[in-house]
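In what follows, a structure is listed as structure tokens, so that the remarks can point back to it.
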Amino acid sequence: MKDITAKIQEKKSNHNSWLSQGINWFVIISLIGAYIYGVSSNTVHLDENIQLIYPKKELTRFNRYPIIYSDHNLVTGIDDYIAIREEQGWGGPFFIATQINSKGKILNIHVLEHRETPAFFLKLTQSEFFEQFKNMPVDSPFGIEEDIDGVSGATISSKAFARAIQNTSRDVASLALNLVIPSRKIQWSINAKEIILLTLFLMVFIGASFKKPNVRFFTMALGIIFLGFNFSFPLSIAQISSIFLGYFPLFWENGLWWILVSQIFLMILLYGKNLYCSWLCPFGALQEFLNRISGINLKLHPIVKQYGSSTGKFLTWLSLMIIFISRNPSRGSYEPFAAMFSFQGTGIIWYILPLILLTSFFIRRFWCRFFCPVAVALNIGCRARSKILKKGSVK
Amino acid sequence: MLQTSILVIFFLTGTLAGIFLSNIPALKRKYIIKWYAWIMMITGIVILLFTIAWSLSSVVENEPQSAGMSLIVFGVPGLCLLLFTKRILIKTDTNI
């Protein structure tokens with residue numbers, strides 16, 4: 001009797017193993033397929049886009065690269081120029097068109113395509129960020145806090161767009177208007193934000209290395225204050241997917257991104273554990289503190305415990321499929337971090353966020369355990385690291 | 001629609017307040033509650049009722065951000081206050 005039960009158990013575990021392997025292969029193949037589809041289908045048709053924006057103009061390609069169109073006015077004999085550039089923004093590359101007249105003044109700015117988080121791009125347009133460039137001469141510095149006002153809470157996007165407008169202006173100035181404008185040196189210095197983030201990671205490394213769990217309380221609290229509310233910079237699936245899409249920001253414009261990504265990678269490499277989620281993530285820390293205040297930890301049904309984490313894996317897969325197909329990280333990102341820490345969000349997020357926070361009072365780390373794509377991605381990284389080391393030690 | 005919604009919101013908050021008030025004698029019998037714990041508990045209940053009213057009225061006026069923010073800004077602290085009061089300040093009366 002015992003032999004039969006053991007055989008049934010073995011058959012069941014073999015079946016489950018085959019099933020999970022099958023699902024793993026399906027996930028990998030579908031994500032690769034989505035990536036290839038995204039690369040092949042997302043081509044930018046600049047000539048058509050430009051003609052749609054300027055339907056009354058007869059534009060001719062003045063310069064191949066950098067891309068400059070000219071519009072010759074038959075009556076006055078004067079040309080206007082439209083320069084297009086692709087630059088790296090917060091969420092990925094964007095295309096911008098700057099219209100400049102023959103006197104070297106900016107007439108208009110159009111963003112042809114972008115991958116910024118919708119709530120943040122809306123902030124830029126609502127604060128009339130692009131309007132301030134009109135009538136500026138092409139030899140302006142276009143520096144945030146110099147002659148351009150950035151938008152608070154969208155500083156990196158503001159700097160990226162200002163840089164793009166500067167570059168398009170310089171292209172027209174040098175190639176069409178024959179003006180010589182001295183190039184500006186890149187100014188970068190390590191500032192307080194980078195130092196604070198590095199200090200936070202150092203605390204995590206020290207706490208984990210010397211097995212000081214009390215340090216975790218401080219890193220979580222500081223994570224909420226700095227990584228959450230002050231920097232509004234928790235790790236999200238959009239940032240992880242942008243690595244696969246090749247969207248790397250400029251180091252001197254977004255040093256925090258480079259520090260965050262490199263340190264998390266180092267953590268996984270050195271410790272094989274997801275220390276970011278348990279020691280630093282501001283949203284996870286907030287949930288944990290709320291649960292500690294209540295002191296209530298509801299017992300979950302065994303089925304929920306067994307299959308609950310699969311919900312997060314499924315949502316992560318779906319999110320990555322959308323991101324790879326559209327090549328736009330903000331389209332697949334569903335975490336409520338921006339709503340929580342920057343009070344920027346749209347529609348249903350405003351109902352999901354309070355629901356998650358209120359549930360956290362009664363279920364420990366509710367979002368992290370069942371829905372968070374960052375936890376899924378980092379845990380996969382840790383498992384991959386363990387497998388590689390295991391294979392290496394067997395050889 | 002708006003008039004009906006306002007009536008429903010007032011009815012709901014009034015009902016919840018009534019449930020709390022009617023359970024005060026039972027709370028007094030079962031638990032030892034100091035005067036400052038009463039103040040904290042009543043403050044927490046008032047904040048939660050205010051939160052419910054604000055968020056429901058925001059939903060009716062089709063302002064999801066206002067509804068969500070009220071739940072976070074008022075609801076979470078109100079719930080924290082109540083749960084903290086329950087955990088730390090309210091003791092079960094062992095003489096029952």
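Please read all numbers here as calculations on a predicted model, not as lab measurements. Each chain gets a letter, A, B and so on, in the order the sequences are listed, and its residues count up from 1.
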For this output row, return yes or no: ring centroids of [X] and [Y] closer than 6.0 angstrom.
X: Phe74(B); Y: Trp54(B); result: yes
X: Phe366(A); Y: Phe361(A); result: no
X: Phe161(A); Y: Phe94(A); result: yes
X: Trp38(B); Y: Phe20(B); result: no

Less than 4.0 Å between a side-chain N and a carboxylate O, is that true for Arg327(A) and Glu113(A)?
no

Heavy-atom cut-off 4.5 Å, strictly under: side chain, backbone, both or neither for [X] against chain B?
X: Leu290(A); value: side chain
X: Ile348(A); value: neither
X: Ile293(A); value: both

Do any of residues 8-16 of chain B have a heavy atom less than 4.5 Å from a heavy atom of chain A, and if so, which, in residue order?
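Within residues 8-16 of chain B, no residue comes under 4.5 Å of chain A, counting heavy atoms only.
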
Distance check, rounded to the nearest 0.5 Å: Cys368(A) atom SG versus Ile363(A) atom CD1?
12.5 Å

Quick one: sort the Phe343(A) and Phe229(A) rings into parallel, tilted or perpendicular, breaks at 30° and 60°.
tilted

